[in-house]
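The block underneath contains the structure these notes are about, expressed in C-alpha cells.
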Amino acid sequence: MLARVTTAAPKPVSTWAPLRSRVYRALWIAQLISNLGTWMQMVGAQWVLVDEPNAAALVSFVQTATTLPVMILSIPSGVLADLLDRRRLLLGAQSTMALLAITLAVATATGHTTPAVLLTLLFLLGCGQAVVAPSWQAIQPELVPREQIPSAAALGSMNMNMGRAVGPAIAGVLVALSGPALVFALNALSFGAIVAALLFWRRPRVERKLPSERPLAALQAGTRFIKAAPAIRRVLLRTILFVAPASALWSLLPVIARDQLGLGSSGYGLMLGALGVGAVLGAVSLARVRALLTPTQQVATAAVVFGLACCGTALLRVEALVLLLLVFAGAAWLLTLSTMNATMQLLLPGWVRARGLSVYMLVFMAGQAVGSVVWGLVAGAYGAVTALLAAAALLGGCALSTVWLPMRQFAAGFDLTPNAYWPEPQLVVEPEPDDGPVLVLKDYDVPQPKVPEFLAAMGFVGRSRQRTGAMEWRLYRDVGAEDRYVEAFVVRSWSEHMQQHKVRLTAQDLMRERAVAEFAHDETLTHLVSVDPRA
C-alpha cells in the first residue's frame, strides 16, 4: 500500500512517555474515570433487572443495548469525525451522554426505571459511545509525537482493561450499600470529567481551503482508501484472526469459574481482575517487548500465549494456576490490541484517519460479538473445555499464519505529512464543484530497457491514485507511438479531485511519483470533465 522507507526501525520509547503531555495526561485520566463509570453502570443496570420476570433474557439485553449501537454506527461516526471538528464533536457527544446518565440516575432514584426505560437509555448511551469512539482514537496523533503512538495505543488499551477489571468490583460494593442509583449518578459525573478535560484542550483551529466533503462521498472515499491499502487490510485480517478465537476465553470464563473451579461471582470477578492485572503488566513491559520483537513477532507471540492460557484454563483445576495464566492472557491481549491499533494509526493519513479506525473498531467488535455467539454454541454442544481447546488450536494457526501474512515492520517510518505537490491545473473553463466525473490523463515516455522498472513503480502509483480519490485507474500503452504510455484515472467530481489535489496527497505519495518522474511529461497532463450531451 504505502512505500517503505530505508531507515532503521525507530527506537521504542517508554510506555509512559505520552503522559508527559499535559493534554494527553488530562484526557487519559478522564477516560479512565469514564471507563470505570461505564463498567459500574453495566453492573448497576444488570442489578436493576435481576428481579424482573425473564431476568436472564433482560440482563443479556444490557450488553446488547450498549454494544449494538457501536456496531451499527461505527462507520457513519468515523465519517462525521473526519468531516467535523473532532473536539467539538466529542464535547457534544459527551455532554449529551452526561444528560442521559443523569436522567437514568434520577429515574432510578424516583422508582421510574422500568426495563423498557433502562434499555432505551442504555441504547442511547451506546449511540453516544459509537459517536465518540472514532474521534477519540483519531485525536491521538494530535496529542503525542508520531514515535509515541505505539505507547499511546498501549495506554489506551490498559485504560480500558483497568476499567473492566476495577469498575465492576467498585459497583458491586456500591450497589450493595445504597442501590444502583448512586452508580448511575457517578457514571454521569464521569462524563463530566471528560467534558472538563476537553475544555482544557485548546485544539488549534484548522483552516479549510476547500468545502467540506459530503457524507456519502466521504464514505465512498474511505472505502476506496481501504480497498487500495493492502497493509491496512492486512491489519484488519490479523485482527479478526486473533479476536475471533480469543473471544472464547472472555465469553466462557463465567462457565469455567462455576463448573471447572467451583467459584462464585467473587471468584469470577477475581479472574477478570487477573486479566486486568495482566493488561497493566503488559503495558509496563511493552517498551522492552517492542525492543526485542518486530510487530509480526509480537502478534505471533501474543497468539501463542493466549492460546496456552485457553488450554490451561480449560484443563487445570487449580485456581492459583488459572489466575496466573489469565495474567499472561491479559498481557497478550493488550500486546495484540496495542500493536494493531498503533499500526492502523501509523498507516492512516489525517484526512481519513477516523474512517479507517472506525472500520478497525467494527472488525474488532464484530469479531468479539460473532465469536462469542459461535463459541457459546460450540460450548453448548460439546462443552466449554472442547470449545476452549478448539479456540487454542485456532490461535496457534493465527500465530503460524504470520509466516505468510506478516505485519508492516516500519510503519512508524511512513511519512504521511500532507504534501500538495501537484502543479495547479491550467484552466480555461472553471468547473463547478459537482461537475464530473473527471478524467485525468498523463503521458510517459519510457525507453524499452526501463519498462519493467516503470511498470513495477506504476503499480504503486496506481494504488496511490485510488487511495486518494480515483474511482478507476488504468495504465495504457500507445500503440501509435514508440515507448509512449498513458496513465488514466477517474475521480468522482471536480470537488473531490481538488480534495485529492490539495488535501489528500502525502510525502509518501510524492516518493512514489518520484520513481517515475523522469518519464513523465507534466505539460501533457490533461483534465477532462464529463458533459451530458442530452443537456
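It should be emphasised that the depicted structure is a prediction, and the values quoted were computed from it without experimental measurement. The first residue of the sequence shown is numbered 1, and numbering continues consecutively from there. Only this structure's heavy atoms are used, side chains among them; waters, hydrogens and symmetry mates stay out.
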Closest contact, heavy atoms only, [X] versus [Y]:
X	Y	answer
Thr15	Ala154	CG2-CB, 4.3 Å
Ser251	Ala248	OG-O, 3.2 Å
Pro69	Ala65	CD-O, 3.2 Å
Tyr360	Leu337	OH-O, 3.7 Å
Val131	Ala93	CG1-CB, 4.1 Å
Met340	Val235	O-CG1, 3.8 Å

Tell me whether [X] contacts the main-chain N or O of [Y] through its side chain, where contact means a donor paired with an acceptor under 3.5 Å.
X	Y	result
Arg353	Gln345	no
Thr296	Met407	yes
Asp82	Arg355	yes
Arg86	Ala81	yes
Gln297	Thr294	yes
Thr336	Val299	no
Thr468	Arg465	yes
Thr402	Ala399	yes
Ser34	Gln31	no
Asp509	Thr506	yes

Is the shortest heavy-atom distance from the side chain of [X] to the side chain of [Y] under 4.5 Å?
X	Y	value
Asp445	Arg484	yes
Asp483	Tyr444	no
Met361	Pro134	yes
Met344	Leu348	yes
Arg238	Cys398	yes
Gln220	Glu496	no
Val132	Met97	yes
Arg87	Arg202	yes

Go through the steps for Asn341 and Ser157 under the test side-chain contact (heavy atoms from CB on, under 4.5 Å), then give the verdict. CA-CA 9 Å; Asn341 188 286; Ser157 297; 5.6 Å; no
Which is it for Leu505 and Asn419 under the side-chain contact (heavy atoms from CB on, under 4.5 Å) test, yes or no, and what are the steps along the way?
CA-CA 6 Å; Leu505 294 171; Asn419 194 327; 5.5 Å; no
Worked verdict on Trp473 versus Met458 for side-chain contact (heavy atoms from CB on, under 4.5 Å): CA-CA 11 Å; Trp473 179 88; Met458 285 303 293; 3.8 Å; yes
Mind running side-chain contact (heavy atoms from CB on, under 4.5 Å) on Gln508 and Arg512 for me, showing each step along the way? CA-CA 7 Å; Gln508 204 70 25; Arg512 286 307 191 190; 5.8 Å; no
How long is the gap from [atom1] on [X] to [atom2] on [Y], to the nearest 0.5 Å?
X	Y	atom1	atom2	value
Ile226	Arg467	CD1	CZ	12.5 Å
Gln500	Gln466	CD	CD	10.5 Å
Leu198	Arg203	CG	CZ	11.0 Å
Phe123	Ile72	CZ	CD1	5.5 Å
Gln129	Leu124	CD	CG	12.5 Å
Thr66	Leu122	OG1	CG	7.0 Å

When you check the gap from the basic side-chain N to the acidic O, do Glu213 and Arg492 get nearer than 4.0 Å?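 Looking at Arg492 together with Glu213, the answer is no, because their closest N to O distance does not fall below 4.0 Å.
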Under 3.5 Å, sequence neighbours excluded: what are the donor-acceptor pairs made by side chains of residues 422-438?
unit_1 : atom_1 : unit_2 : atom_2 : d
Trp422 : NE1    : Glu513 : OE2    : 2.8
Asp434 : OD2    : Arg214 : NH2    : 3.1
Asp435 : OD2    : Glu432 : N      : 2.9

Item checked: Among Ser151, Ser338, Ser285, side-chain hydrogen bond (donor to acceptor under 3.5 Å, both in side chains) partner for Arg290 ->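 Going through the options one by one, the only one that passes is Ser151.
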Greater than 12 external heavy atoms within 6.0 Å of Arg233's CZ =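 Check passes, neighbour count above 12.
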Using a 3.5 Å cut-off and no angle test, enumerate the donor-acceptor pairs between side-chain atoms of residues 23-30 and protein atoms at least two apart in sequence or in another chain.
unit_1 : atom_1 : unit_2 : atom_2 : d
Tyr24  : OH     : Ala152 : O      : 3.4
Arg25  : NH1    : Leu19  : O      : 2.6
Trp28  : NE1    : Leu155 : O      : 3.0

request  = Anything under 30° is parallel, anything over 60° is perpendicular, the rest tilted; go ahead and classify Phe225 against Trp351.
outcome  =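 Rings of Phe225 and Trp351: perpendicular, over 60°.
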| message | Below 30° counts as parallel, above 60° as perpendicular, anything between as tilted: where do the rings of Phe242 and Phe306 land? | response |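 Aromatic pair Phe242/Phe306 classed perpendicular.
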query = Regarding Thr38 and Asn35, is there a side-chain donor-to-acceptor distance under 3.5 Å anywhere?
reply =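 Checked: Thr38/Asn35 side chains show no N/O donor-acceptor pair below 3.5 Å.
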- Message: Under a 3.5 Å threshold, yes or no: a donor from one side chain and an acceptor from the other, between Gln368 and Ser247?
- Response: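 There is no such pair between these side chains.
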